[in-house]
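The block underneath contains the structure these notes are about, expressed in structure tokens.
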Amino acid sequence: MSATGTAQSGTTTARAARRSGAQRKLLAFASLILLVAGFSIASPNFFQLSNIMAILQAASVNGVLAVGVTLIIITGGIDLSIGTLMTFCAVMTGVVLTWGGMPLPLGIAAALATGACCGLVSGTLVAKAKIPPFIATLGMMLILKGLSLIVTGTKPIYFNDTPSFTLIAQGSLIGAVVPAFPVPNGVLVLFVVAAAVAWILGRTVLGRYTFALGSNEEAARLSGVNTDGWKIAIYALAGGIVGIGGLLIASRLNSAQPALGLGYELEAIAAVVIGGTSLSGGRGTVLGTLIGALIMAVLTNGLRVMSVAPEWQTVVTGIIIIVAVYGDQLRRGAAR
Amino acid sequence: MSELVRLEGIDKHFPGVHALRAVGFDLRPGEVHALMGENGAGKSTLMKVLSGVYQPDGGRILIDGAEVSLPTPKAARDLGIGIIHQELALMRDLTAAQNIWIGREPRLSFGRIDEARLNAEAEAIFATMRLGIDPRAPVAGLSIALQQMVEIAKALSFRSRVLIMDEPTAALNDAEIAELFTIVRRLRAEGVGIIYISHKMDEIKRVADRVTVMRDGATVGTVEAADTPISRIISMMVGRELTEEKAAIPDLAAAPAALEVSHLSRGADLRDIGFTLRKGEILGFAGLMGAGRTELARAIFGAEPADTGEIRVHGRPVTIRTPRDAVRAGIGYLSEDRKQYGLALGLDVRANIAMASLPRYADRIGRIDEGALARVARDYIRTLGIRTPDDTREVRLLSGGNQQKVVIAKWLLRDCDILIFDEPTRGIDVGAKAEIYRLLNELAGLGKAIIVISSELPEVLRLAHRIAVMCEGRLTGILPGGASQEEIMELATEGMAA
Ligand SMILES: Nc1ncnc2c1ncn2[C@@H]1O[C@H](COP(=O)(O)OP(=O)(O)OP(=O)(O)O)[C@@H](O)[C@H]1O
Ligand SMILES: [Mg+2]
């Protein structure tokens, strides 16, 4: 008798949990649609193909960074260095391509390797030296900012010798095939990165341990999981993804701007949070983060199209973050 | 017979505690070896040494007669040593199946996880345990008992030669315990050596072949379970004779009502519940798991308020929407899940004891009188026998049973008139149990009104002046304290489809 009773309660709770997860994603998506609909009504210039492409393009760098940091946030950590790391990766690409005169693939590899190595360092500081992620990556943030300025002598590096470099973000592979639909490559990259990370999180051992670390690290360790090693791997992977972000922004600006970067980490974290990922770890989705990044891009763009002053745009973004997280709390409270 | 495990002279220090003093222990294949001892005796610590979680300061570990070192949990696992930890060690955001296979997921190419196989194999293990848990169910949504079952399934999945079970039955009901023992006996027949830790004395007679008793970090002795009376084992544990007697049931017909509950309902969990608790009375709540006893307690305490119904305290109607309302009305609740609801694990013993009573120890501008707090904390540490070097030790470093005593101290200090104890002696040793029973009786004698919810019928029978029985969210009857187990079970299953 007890066996059947417990079985029932087991499945109903599972169903309830799955339902609430789906609801959360639905809600974020609904807010996105609502925003788009609202701006479309408010301004005829908003829902134009060119403007939609501009929004997506604007979302691409923040989106890629956010997807990367989602991994770290699910482990229960945080990475404050992604903004300045992005810039440092761009700078290293500039060093290889413009100063070294090497071919494009090596430049791309430089960005990815720089990102992964710096992620590896952050991960090691967190996992092995047991420095809290907030502090370790705060330190990395400042170090990388300084290094970018030192390496470049505070001057931008331009990519004029590598004309194809700008194509990374600004060309359009899709447009070449379907001319009516000129999706910029930067956006394509964002979606490919997001799909890949979603796949890693959902299907692979690395993904499983990402959730396990955030959920109960000690339990994972007692289960024989090499928690330190996996944590380092996750930070390195996130770093590599930030490297991709570095390529995108450098390609868009056709230069590596050493003074840029600070503040990008907070925008990315905001996107993750709006997307419903819990800062205490163990829970989160890439789709949510993607929607979060799009919500932020739509908001910035829409307010600008409606000629709202930039300083007010910032205020509204802040409010949206708080409202989004509060809504999430309300739903979770109701579920309990 | 050959020995599977032999521990010799194991020593272990923690800051301020000599947890293990030259402990010896051995385990044969195909035996259930019970490890007994009071809270803080060092049982869990010894098992953590054997499972690679802690490194001993001295001593030797031999497996199959050969000395080994166990630097990590994985090293122990690879030698065939599996452990179910006392404190649930599950990842709440992962599913049951994902928890079972964590660290050794069946893989496909590119590091992908074979989710289908993972779920199927978990389901197969649940089937052998005759459990219908959905392997895809997130663990956070499972009851404590089912979470415990997931832990057990995980340990079984390793096909270990040595299986350590650290208080596996603390959160299980009788039917589930019986099921677990079937599994234990089957494993024993297969030649697995099982180390079994429990504070429930009757279980020793039911499953154990040999018993080793520990006290204060040292081994007292090893005896055959079959020809050693329980009383002997108990005196080995506590180092003295223990007399357990039921206190006389006082006549409370004339006592004023402290708590009156009427027509309390909440969804399908609670259906039209009404009862009266008198001053000085201990009202026991019996019932099967899921009967709604904890739900009732949480409703009265405002943790999950009822939809409808009336609650009166000392004859006056009160509105309880939050735990704060309840505490103001003089109601204290001791949760069954101390980790989640009862303790701030990172804070010290003193802070935890003071948690519900801080304003009393603060002056007008909010300065806390630490001196006075330290004195009362030490008082409770002494009267409840909480094993801790001092009142500034972090609660998470205490053994499980001692953590429970800290929660009790918290509500005792708060001085509530109405106290609801939900599984008050879960994970508590016999000596301390007797101590807590004596305390509850004393509190009742002082005029406190007490509700005790317990899954252990003997506990309810021993403590309660009257016994309320619940079944599927309804109160099916209130029996006098002298009721028989049969009468209670009848009410507990009343109207249930057999
Ligand atoms: N990590 C730790 N740091 C400091 N002290 C510890 C630690 N783990 C255990 N102790 C101390 O070691 C002693 C033995 O604890 P242990 O958990 O082994 O007891 P136990 O016999 O399992 O008790 P229980 O029946 O309550 O579970 C206790 O005094 C406890 O406070
Ligand atoms: Mg223990």
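Chain A is the first sequence line, chain B the second, and so forth, proteins listed ahead of strands; every chain is numbered from 1.
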Which distance, rounded to the nearest 0.5 Å, do you find between the CG of A:Leu213 and the CG of B:Asp93?
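A:Leu213 atom CG to B:Asp93 atom CG measures 12.0 Å (nearest 0.5 Å).
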
Do B:Met91 and A:Arg208 make a side-chain contact, defined as non-hydrogen atoms from C-beta onward lying under 4.5 Å apart?
no

Is any side-chain heavy atom of A:Asn216 less than 4.5 Å from a side-chain heavy atom of B:Arg92?
no

Side chain, backbone, both or neither: which part of [X] has an atom under 4.5 Å from a heavy atom of chain A?
X: B:Ile102; answer: both
X: B:Glu115; answer: side chain
X: B:Arg77; answer: side chain
X: B:Leu118; answer: side chain
X: B:Lys154; answer: side chain
X: B:Phe158; answer: neither

[X] atom [atom1], neighbour heavy-atom count above 12 within 6.0 Å:
X: B:Arg159; atom1: CZ; result: no
X: B:Phe14; atom1: CZ; result: yes
X: B:Arg112; atom1: CZ; result: yes
X: B:Asp174; atom1: CG; result: no

Closest-packed option against chain A by number of heavy-atom pairs under 4.5 Å, given B:Gly111, B:Pro73, B:Ala89:
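Ranked by heavy-atom pairs under 4.5 Å with chain A, first place is B:Gly111.
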
Which atoms form the tightest heavy-atom contact between B:Leu94 and A:Ala212, and what is the distance?
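Between these two residues, the closest heavy atoms are CD1-CB, 3.9 Å.
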
A:Tyr209 side chain to B:Gly103 main-chain N or O, any donor-acceptor pair under 3.5 Å?
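It does hold such a pair.
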
Using a 4.5 angstrom heavy-atom cutoff, name the option from A:Gly207, A:Gly282, A:Ser215 with the most pairs to chain B.
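Top option by heavy-atom pairs under 4.5 Å: A:Ser215.
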
